[in-house]
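As structure tokens, the structure follows; a few thoughts come after it.
Along the sequence shown, the residues carry numbers beginning at 1. Please read all numbers here as calculations on a predicted model, not as lab measurements.
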Amino acid sequence: MLYDTFRGRVIFPIKDITGRIVAFGGRLIDGEGAKYINSSDSKLFNKRRNLYLLNAAKNAIHDKKRSILVEECMDAIRLHKCGFTEAVASCGTSLTPEQASLLSRYADRCYICYDNDKAGQNATLRSMYVLAQNGINVQLFKLFKGKDPDEFLSTNPPESFEELLKLARPLVLHHLEILTPAIQNQGTRKSALRELFASLSQLDVAEVLQYKLQLAEVTGVPPSKLEEYFSRKVTNKELTAMSTPQNNRQIEQPFEAALCSLMAKYSECRLALLNDRLLNIVHNPTAQLVIDGLLHNGVDQIRLWRDIGEFEVLSLLARGEEICSQLEGMSVMEKLQKVYRVLCARTVNGRIKYIMAKMQKSQATTQELLELQRLKTMRL
């Protein structure tokens with residue numbers, strides 16, 4: 001008995017880069033089976049070397065100096081209808097180096113948005129590394145829970161989609177965010193660090209090290225040691241050992257430690273921040289203790305810590321001194337301003353993330369939505 005390959009599916013003609021129809025893709029309408037299937041490979045068609053709508057998008061990608069990569073044909077079609085003519089789709093297949101190479105011909109920046117399910121998240125991460133290895137600056141942007149670009153743009157204006165693109169995250173920070181819970185869990189910490197460091201080693205050193213302070217904050221590895229590792233001066237085993245907390249001590253936050261060090265060493269830094277709500281932007285309990293003590297007792301508090309051998313505090317201050325020494329070419333106050341700005345930005349981003357999570361569950365209040373708009377403006 002003969003069966004139609006694309007039975008029960010919406011069929012999309014797939015064109016090559018010149019505009020010739022070379023195959024078809026089919027999306028399941030209802031029932032069981034693969035969500036997407038494509039024509040079999042042939043002399044005319046190789047799915048590894050084609051992207052849906054690239055023939056129509058290539059000029060826009062070149063002009064806008066960016067591409068938008070989505071998973072499904074319907075997503076790409078909807079994006080084109082809404083003015084995002086730089087969009088292409090991988091037709092439900094894992095992105096290949098050949099496809100990434102095609103995109104790199106027209107622009108070196110790509111925004112990627114795949115499905116939010118576990119399979120989609122795994123495919124997103126794999127695709128981001130494939131794109132990065134082909135010299136593309138890849139950024140991930142997320143839609144509200146359960147929505148894909150087609151569904152999102154059917155109920156929201158294009159301007160809302162453009163706003164989401166502004167919130168896109170680079171590959172290094174996206175992978176770090178995914179693994180943060182595992183890194184902070186003692187049972188999975190070592191394997192998570194091995195995965196992170198092995199993956200990031202595939203990237204250009206400069207691309208990774210521009211986020212060394214964020215990496216240090218989560219992993220507990222000093223920025224200088226991260227530089228050595230990604231320059232292949234230390235081994236993975238040594239790096240993992242450096243990041244192992246002793247006696248279950250909380251991992252220090254590099255910029256929090258730097259702030260404490262500056263306040264401990266320079267009276268002008270304490271005076272500059274005397275009336276500020278510093279405890280709202282630091283999370284480490286030891287850092288909070290140091291700041292509170294310095295604001296109330298100044299250098300007398302430092303002498304007390306040294307006299308009683310307060311290891312946690314002295315270790316934090318030494319760590320902060322190391323971070324500050326890496327901020328070369330800056331005056332003391334310039335270092336203070338940089339550290340303070342980073343900590344404030346982290347607080348703002350954390351609040352944005354919290355409110356957006358409530359939005360996804362339809363739990364955000366009107367006041368929180370107004371606050372979100374204000375915080376986004378602050379971040380920009």
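A side-chain contact (heavy atoms from CB on, under 4.5 Å) with Y114 holds for exactly one of R126, E71, K142; it is E71.
Here NZ of K47 is found 11.5 Å from OG of S90. Values are rounded to the nearest 0.5 Å. Distance CD1/I68 to CG/L103: 11.5 Å, rounded to 0.5 Å. For the atom pair CD of E368 and CD1 of I352, the computed distance is 13.0 Å after rounding to the nearest 0.5 Å. Expressed to the nearest 0.5 Å, how far CG of D108 lies from CG of N134 amounts to 12.0 Å. Summarising the geometry, atom CZ belonging to R319 is positioned 11.0 Å from atom SG belonging to C324; distances are rounded to the nearest 0.5 Å. Taking SG of C110 as the reference point, atom CG of L131 lies at 5.0 Å (rounded to 0.5 Å).
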message: For V138 and V130: C-alpha separation, side-chain torsions, deciding distance, then whether side chain to side chain contact (heavy atoms under 4.5 Å, CB included) applies.
response: CA-CA 10 Å; V138 57; V130 170; over 6 Å; no

message: Between R189 and Q184, is the side chain to side chain contact (heavy atoms under 4.5 Å, CB included) condition met? List the steps.
response: CA-CA 6 Å; R189 179 176 175 78; Q184 294 176 345; 5.9 Å; no

field: Derivation and outcome, side chain to side chain contact (heavy atoms under 4.5 Å, CB included), residues C113 and L69
entry: CA-CA 6 Å; C113 181; L69 177 65; over 6 Å; no

- prompt: Is there a salt bridge (Lys or Arg N to Asp or Glu O under 4.0 Å) between E177 and K353 once you walk through the steps?
  reply: CA-CA 12 Å; E177 180 183 35; K353 187 175 181 180; 2.9 Å; yes

- request: Output, in order, the C-alpha distance, side-chain angles, deciding distance and verdict of side chain to side chain contact (heavy atoms under 4.5 Å, CB included) for M356 and L167.
  value: CA-CA 12 Å; M356 290 189 70; L167 300 176; 4.2 Å; yes

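Annotation: Y340 is not in aromatic contact with F255 [ring centroid separation under 6.0 Å not met].
By the rule that hydrophobic residues join a cluster once side-chain heavy atoms approach within less than 4.5 Å of another member, I77 and L28 end up as members of separate clusters.
T155 pairs by the side chain to side chain contact (heavy atoms under 4.5 Å, CB included) definition with K147, not counting sequence neighbours. Considering only residues two or more places apart in sequence or on other chains, H174 meets the ring-ring contact (aromatic ring centres under 6.0 Å, His included) condition with none of them. A search for ring-ring contact (aromatic ring centres under 6.0 Å, His included) contacts involving Y211 returns nothing, not counting sequence neighbours. Scored by the salt bridge (charged side-chain N to carboxylate O under 4.0 Å, His left out) test, E256 finds R346 as partners (sequence neighbours excluded). Applying the side chain to side chain contact (heavy atoms under 4.5 Å, CB included) test to A182 and every residue at least two apart in sequence or in another chain returns T188, A192. Q139 pairs by the side chain to side chain contact (heavy atoms under 4.5 Å, CB included) definition with Y111, N137, A168, P170, not counting sequence neighbours. For the side chain to side chain contact (heavy atoms under 4.5 Å, CB included) test, residues two or more places apart in sequence or in another chain that qualify with S201 are Y229, F230, R232.
In this structure, K265 pairs ionically with E321, as a charged nitrogen and a carboxylate oxygen lie closer than 4.0 Å. Look at R303 and D300 and you find a salt bridge, because one of the NZ, NE, NH1 or NH2 atoms lies within 4.0 Å of a carboxylate O, short of that distance.
A 6.0 Å sphere centred on CD of Q363 holds more than 12 heavy atoms belonging to other residues, nucleotides or ligands. Other residues, nucleotides and ligands contribute more than 12 heavy atoms inside 6.0 Å of the NZ atom of K358. Within 6.0 Å of atom CG in N185, more than 12 heavy atoms from other residues, nucleotides or ligands are found, so the atom counts as buried in its surroundings.
Annotation for L226 and A216: closest pair CD1-N, 3.8 Å, computed over non-hydrogen atoms. Residues L95 and A100 come closest through the heavy atom pair CD2-CB, 4.4 Å.
Taking the six-membered ring where tryptophan is involved, the planes of H175 and Y129 are perpendicular, since the angle between them exceeds 60° and thus also 30°.
L370 forms part of no hydrophobic cluster, judged by ILVMFWY side-chain heavy-atom separations under 4.5 Å. Apart from I21 itself, the hydrophobic cluster it occupies contains F6, I11, F24, I37, where clustering links Ile, Leu, Val, Met, Phe, Trp and Tyr at side-chain heavy-atom distances under 4.5 Å.
Judged purely by atom type and a 3.5 angstrom limit, S261 has no side-chain atom pairing as donor or acceptor with the backbone of A258. With hydrogens and angles ignored, the 3.5 Å screen pairs a side-chain donor or acceptor of Q99 with a backbone N or O of T96.
Sorted by first and then second residue, the salt bridge (charged side-chain N to carboxylate O under 4.0 Å, His left out) pairs with a member in residues 329-342 form an empty list; sequence neighbours excluded. Applying the salt bridge (charged side-chain N to carboxylate O under 4.0 Å, His left out) rule to pairs touching residues 283-297 yields nothing, sequence neighbours excluded.
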In residues 48-59, what donor-acceptor pairs under 3.5 Å come from side-chain atoms, sequence neighbours left out?
| residue | atom | partner | partner atom | Å |
| --- | --- | --- | --- | --- |
| R48 | NH2 | E98 | OE1 | 3.1 |
| N50 | ND2 | N46 | O | 2.9 |
| K58 | NZ | I17 | O | 3.1 |

